[in-house]
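Please read the structure below before turning to the comments.
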2 protein chains.
Amino acid sequence: MESRIGRMCIERGLKMTGQRRVIARVLSEAQDHPDVEELYRRAATLDSRISVATVYRTVRLLEEKGILERRDFGGGRARYEATEEGDHYHLIDVETGKVIEFEDEEHAELIRRIARDLGFDLVSHRLELFARKRPAETKEAPPATPTARTGSRSKR
Amino acid sequence: MESRIGRMCIERGLKMTGQRRVIARVLSEAQDHPDVEELYRRAATLDSRISVATVYRTVRLLEEKGILERRDFGGGRARYEATEEGDHYHLIDVETGKVIEFEDEEHAELIRRIARDLGFDLVSHRLELFARKRPAETKEAPPATPTARTGSRSKR
DNA sequence: ATAGCTGCAAAAACTTTGCGCCCTC
DNA sequence: GAGGGCGCAAAGTTTTTGCAGCTAT
């Protein structure tokens, strides 16, 4: 009955209003990285009594509580996704704008080491790759590597 | 007589107005990552006939020409730095907001490999670490590692 | 009961743009 | 001289906020 993010709100003692429940549900079900406008659109579909201002206030609150993470993929507006265990990164297809998520333990380790070497403790970090799909091979068979699907997670 | 970035503008056939020359000089001399407001302040000191609109137009133009790179370190406003050879990254001190630059060839290689494994050719990328200065050791001597200075470059 | 949310609309913060004059090539 | 750049101010975007009423705890 309560969405995953809704439960996290309750755990942290947030007051659960109707609006908040709806926004939490939209966020829990999102497989992508919606901006505020898009969140508002989806939330308004479920309950038209929601205003954009509330969406702004809510994502801000949830970000402060560590439930959400704000992303910047270029294009001016902030985009959001639920905080998950384990770091993951984003590859943005510069042709289509599609975002592919992936994990990489080697990378996670490397940057912890870099921060330590500079005399810091890592608080958080971000990595975004902007890339272009490599044209398929003409002579060899197409690459066998299973391509990560948008919204899913590619483990390495 | 002409600043480094001024020369790059000329190479690319840009018309060199007085304002552009001043902005190019400010950018050439910047050791940090100023936002538009700060660039405007510095430029206006050298020549008060400059408007913010021109600064916006100029950084946009120079970014399109590949002379400048736009950064987002959180805090809402875009920040700029001259494009340089070789990738480098940023560590932002979450307490002070200071930005430390560093290079890391191992990291550069790793992400090229990641992009390739996902079936893409890397176009560009970004990495930002948010970290907190590690408290000095109480028993041992302070860490001998030479800490990178703000604005300079720490090679690894 | 009451601290905290909400909608609405105004405003703030950042960036772009239309227009007529001016300058560089 | 001609195409492009400039200042100014107006407008566009995205996000925040004041206020009066409403609600979850």
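Side chains included, hydrogens not; waters and symmetry mates left out as well; all remaining heavy atoms used. These numbers were taken from a predicted model, which means no experiment stands behind them. Note on naming: letters A, B, ... go to the chains in the order of the sequence lines (proteins, then strands), and numbering restarts at 1 for each one.
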Answer yes when B/Arg60 and B/Glu63 have at least one side-chain N-carboxylate O distance shorter than 4.0 Å, and no when they do not. no
Value in whole Å for how far the C1' atom of C/dT17 lies from CG of B/Leu61: 16 Å
Check the pair A/Leu122 / B/Leu129 against side chain to side chain contact (heavy atoms under 4.5 Å, CB included), numbers first and verdict last. CA-CA 7 Å; A/Leu122 196 62; B/Leu129 310 187; 3.8 Å; yes
So does B/Val94 get a backbone contact from the side chain of B/Arg132, meaning a donor-acceptor N/O pair under 3.5 Å? no
Nearest-Å distance, CZ (A/Arg20) to C1' (C/dT6)? 10 Å
Atom pairs under 3.5 Å, N or O on each side, protein against nucleotides 19-25 of chain D: can you list them with distances?
residue, atom, partner, partner atom, Å
D/dT25, OP1, A/Met16, N, 3.4

Closer than 4.0 angstrom, basic N to acidic O: yes or no for B/Arg113 and A/Asp104? no
Using whole Å, report how far CZ of A/Arg77 lies from C1' of D/dG12. 12 Å
Please state how far atom CZ in A/Arg79 lies from atom P in D/dT14, giving the value in whole angstrom units. 13 Å
Taking 4.0 Å as the cut-off, does a side-chain nitrogen or oxygen of A/Tyr56 come that near to OP1 or OP2 on D/dT16? no
Provide, to the nearest angstrom, the distance between the CG atom belonging to A/Asp35 and the C1' atom belonging to D/dT14. 10 Å
Can you find a side chain N or O atom of A/Arg60 that sits less than 4.0 Å from OP1 or OP2 on D/dT16? yes
Can you tell me the distance, in whole Å, between the CD atom of B/Gln19 and the C1' atom of C/dC21? 13 Å
Is there a donor-acceptor pair under 3.5 Å between the side chain of A/Arg21 and the backbone N or O of A/Met16? yes
Nucleotide C/dC14, atom P - distance to CG of B/Asp72 in whole Å: 13 Å
If you assign B/Val55 and A/Arg70 each to the DNA chain D nucleotide with the nearest heavy atom, which residue ends up on the more 5' nucleotide? B/Val55
Any Lys/Arg nitrogen of B/Glu105 or B/Arg112 sitting under 4.0 Å from an Asp/Glu carboxylate oxygen of the other? yes
Can you name the ring-ring contact (aromatic ring centres under 6.0 Å, His included) partners of B/His107, sequence neighbours left out? A/His107, B/Tyr89
Nearest-nucleotide pick for A/Ser51, side chain only, options being C/dC8, C/dT17, D/dT15: C/dC8
Expressed in angstrom and rounded to an integer, what is the separation of B/Ile50 atom CD1 from D/dC6 atom P? 9 Å
